[in-house]
Amino acid sequence: MVLESWPPSATWAVVALTTLYIAARHLASRKQDPREPPVVPSTIPYIGHLLGMALYGGRYLKEIGIRHRETTPIFTLPVPNSRIYIVTDPSLAAAVQRASKVLSFTPIIPEVTERILGLDKATVEIARKNLDPAPGDEKGFLFDIQQMVYDWLGPGDYLGVLTAAAANQLKAEVADYIGALRAGKVDATSVDLLEWVRHCVTVATAQYLYGSENPIAKDPTLEKAFWDFDHGLGMLLMNIVPSITASSAYSGRERLVAALADYLEAGKYKTASKIVQERVAIALQHGWTLRATARSELSFLFAGIVNLTTSTFWILLQVFADPELLQAVRSEIEAVLTSEDGDSAQTLALEDLKNKCPVLHAVYRECLRLNSDNNSVRVVKEDTLLSDRWFLAKDCVVQIAGGVIHADSSIWGSDVDTFDPKRFLAEVKGKERQVHPAAFRAFGGGKTLCPGRHFAMNEILSFVALVVLQFEITGADGGRIEVPRKNDAVLPVHILEPMVPAIVSMHPREGWDGGRDLRLVLKRS
Ligand code: HEM
């Protein structure tokens with residue numbers, strides 16, 4: 001009888017597959033604990049969310065987040081053998097940040113860096129040691145290096161030293177470019193603004209961090225290698241035969257690592273910035289080889305370049321796209337320029353950009369809000385009840401969805417998708433804060449808050465001021481600049497890039513300085 005009904009009819013096959021599908025979907029969307037955050041099932045059980053993230057990047061998560069944020073501040077995405085808990089509410093984000101003992105980023109750092117930087121097994125073992133030491137315990141490499149970077153880049157004398165070095169290096173890059181424009185060596189009417197900012201920031205950062213012997217100064221083709229590496233990070237992270245599936249990123253990384261390794265082995269780091277010298281010293285104390293240290297230094301170069309580049313690009317584009325805004329920002333900057341009688345230079349005190357240019361500062365904040373879809377990631381080290389309410393299972397992942405929070409109209413207003421620096425003006429002018437402090441997520445938050453944020457602001461404001469003072473920028477045809485949409489269909493590893501290149505016309509602003517030089521100092525004397 002059984003054989004008589006074989007093979008099964010198409011109807012039976014459909015019924016069986018449908019039943020299987022419903023059962024799988026039901027199983028995948030079951031809560032592990034009644035207090036677990038609401039589960040959002042995927043169309044394809046178990047792997048659907050992973051596929052969605054792989055295909056649509058950060059936009060996938062953002063769309064789900066925006067759909068569910070009004071009903072719950074946190075939800076669960078089931079994935080094979082684990083769960084991803086997505087937090088979309090600033091108060092709950094702050095609670096995640098406070099629970100840093102049980103919700104921690106550090107356990108994932110060794111594996112992420114192994115994949116992205118291509119660390120060898122022995123070095124990963126060193127990186128795994130004493131990640132979160134209790135007081136009195138031996139401290140591991142990651143703990144020591146993070147502590148040092150947070151201390152040195154925090155407010156203090158060294159921050160001033162590095163800011164002055166970076167600003168003067170950028171000034172030199174801009175001066176070189178003005179020279180090339182005046183000599184007719186470059187086409188002023190067709191400039192890819194992001195490419196231009198990338199070039200200035202990459203060359204300047206390599207120089208102020210690694211000195212004049214830095215690998216990019218010695219071999220300018222490494223600049224392209226750097227951006228190839230950056231654009232393939234998502235694939236490197238997946239780590240499926242990266243030399244084939246992420247070939248440009250892989251070969252860019254390996255070329256940079258080889259050049260940095262030669263630089264370190266030749267002792268040239270002794271002419272680098274003090275912070276780089278200290279980083280190398282810490283790596284050596286913990287038993288890293290110089291060749292492995294080259295990989296860690298690539299990560300520092302990356303941290304110093306990528307977010308700074310795209311943030312500066314958006315700020316310049318938005319300022320020059322709006323004549324009134326340009327006028328406001330330019331007047332503020334010109335108002336803080338000083339010069340003594342008979343002085344052959346005007347002085348720009350970098351501190352004044354931060355404290356006396358509220359519109360510039362507000363544009364900076366608004367561009368970061370609009371273009372940062374950053375996710376802060378934590379691993380659940382033990383079963384946890386977040387805010388006494390939400391059950392989070394051990395070994396699962398929590399993500400604070402910056403892209404969702406930055407696009408939340410209940411926080412930022414109904415014009416949330418529009419560029420409007422005014423929303424930050426009151427805050428910058430020191431009036432009462434209108435939004436939860438954890439709602440601004442461009443620098444992450446809690447224990448992983450970006451250590452470079454003070455420095456980044458100083459450097460970006462200086463670079464923008466240099467360009468606003470010295471250039472006229474219009475659309476390529478001489479008309480108004482069109483601001484392209486951001487490309488959010490990528491893994492949001494840094495401030496998002498535009499969907500299409502912004503091609504502009506860039507001319508030196510003649511006569512603005514009365515023939516005087518521009519001197520950059522930290523503070524007015
Ligand atoms: C606008 C510019 C910048 C933005 C938006 C930015 C943003 C971020 C973000 C979102 C993180 C991860 C935080 C998290 O996971 O919660 C981070 C980490 C980091 N940033 Fe920045 N960053 C900027 C500039 C810089 C600069 C200029 C430097 C250094 C010169 C720097 C150094 C670092 C370092 C070293 C880390 C890793 C910290 C760790 O080890 O935990 N950043 N940054």
Side-chain angles (χ1 to χ4, degrees), residues 58 87 93-94 96-97 100 103-110 112-113 116-117 127 131-132 140-154 158-159 161-163 165-167 169-170 197 201-202 204-206 208-210 273-276 278-279 282 296-315 363-379 397-403 405-406 438 440-464 492-496:
V87 176
V96 170
Q97 288 167 186
S100 63
L103 306 178
S104 170
F105 181 59
T106 32
I108 6 184
I109 302 180
V112 170
T113 46
I116 289 183
L117 299 175
L131 283 170
D132 276 327
F141 163 77
L142 277 170
F143 181 90
D144 273 349
I145 204 143
Q146 281 175 334
Q147 190 82 23
M148 184 279 287
V149 171
Y150 276 89
D151 285 352
W152 286 44
L153 292 182
Y158 189 70
L159 178 64
V161 171
L162 205 64
T163 298
Q169 203 56 57
L170 286 164
V197 175
V201 174
T202 311
T205 308
Y208 75 76
L209 282 181
Y210 294 90
S273 60
K274 293 273 178 261
I275 192 166
V276 165
E278 190 63 15
R279 286 176 58 88
I282 291 174
S296 158
E297 285 317 295
L298 175 58
S299 76
F300 194 51
L301 191 62
F302 178 85
I305 292 176
V306 290
N307 278 311
L308 203 115
T309 295
T310 27
S311 314
T312 308
F313 158 77
W314 286 114
I315 298 168
V363 174
Y364 164 80
R365 301 270 289 168
E366 176 68 343
C367 283
L368 288 181
R369 178 194 72 82
L370 260 183
N371 300 301
S372 166
D373 281 4
N374 161 57
N375 292 312
S376 298
V377 180
R378 306 285 190 270
V379 168
V397 172
V398 182
Q399 283 193 21
I400 302 172
I405 297 178
H406 284 164
F440 184 78
R441 307 237 32 106
F443 292 109
K447 259 192 131 175
T448 59
L449 181 64
C450 169
R453 64 198 183 283
H454 306 290
F455 173 69
M457 181 164 86
N458 294 349
E459 196 182 350
I460 291 171
L461 298 187
S462 318
F463 190 12
V464 171
V493 282
H494 55 68
I495 302 290
L496 298 169

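In each ligand, atom 1 is the first atom listed, and ligand 1 is the first ligand listed.
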List the residues meeting salt bridge (charged side-chain N to carboxylate O under 4.0 Å, His left out) with E459, not counting sequence neighbours, and say none if there are none. none
Check whether any N or O atom of S376, backbone or side chain, sits under 3.5 Å from an N or O atom of ligand 1, and answer yes or no. yes
For L496, is there any backbone N or O sitting under 3.5 Å from a side-chain donor or acceptor partner on N371? no
Between I460 and ligand 1, which residue portion shows a heavy-atom distance shorter than 4.0 Å: side chain, backbone, both, or neither? side chain
Measure the shortest side-chain to side-chain distance between I282 and F141 over non-hydrogen atoms and say whether it is less than 4.5 angstrom. yes
re atom 1 (C) of ligand 1, the protein heavy-atom contact at minimum distance is S311 OG, 3.3 Å
So, do I315 and I460 sit near enough that their side-chain heavy atoms are less than 4.5 Å apart? yes
Can you sort out the partners of F443 under ring-ring contact (aromatic ring centres under 6.0 Å, His included), two or more places apart, ordered by chain and number? none
Starting at CG of L162, measure out to NE2 of H454 and round the result to the nearest 0.5 Å. 13.0 Å
G445 heavy atoms, cut-off 4.0 Å: which ligand 1 atoms fall inside? 16 (O)
Numbered in order shown, the ligand 1 atoms found under 4.0 Å of a heavy atom of N374 are 10 (C)
Heavy-atom distances under 4.0 Å decide this one: backbone, side chain, both or neither, for F455 against ligand 1? side chain
Using heavy-atom distances, let me know which of V306, I495, T113, T448 sits nearest atom 16 (O) of ligand 1. T448
Consider every N or O of Q146 and every N or O of ligand 1, then say whether any pair is closer than 3.5 Å. yes
Atom 21 (Fe) of ligand 1: protein N, O or S atoms [distance under 2.8 Å]: C450 SG
Near A442, which atoms of ligand 1 are under 4.0 Å from a heavy atom of that residue? 5 (C), 7 (C), 10 (C)
Tell me if a side-chain donor or acceptor on H494 pairs with a main-chain N or O of N307 at a distance below 3.5 Å. no
For side-chain contact (heavy atoms from CB on, under 4.5 Å), just list the numbers for L368 and Y364, CA-CA rounded to whole Å, side-chain angles, deciding distance to a tenth of an Å, and then say yes or no. CA-CA 6 Å; L368 288 181; Y364 164 80; 3.7 Å; yes
Are the side chains of L308 and T205 in contact, using a 4.5 Å heavy-atom criterion? no
Is there any side-chain hydrogen bond (donor to acceptor under 3.5 Å, both in side chains) pair reaching into residues 442-451, and which pairs are they, with sequence neighbours excluded? R378-T448
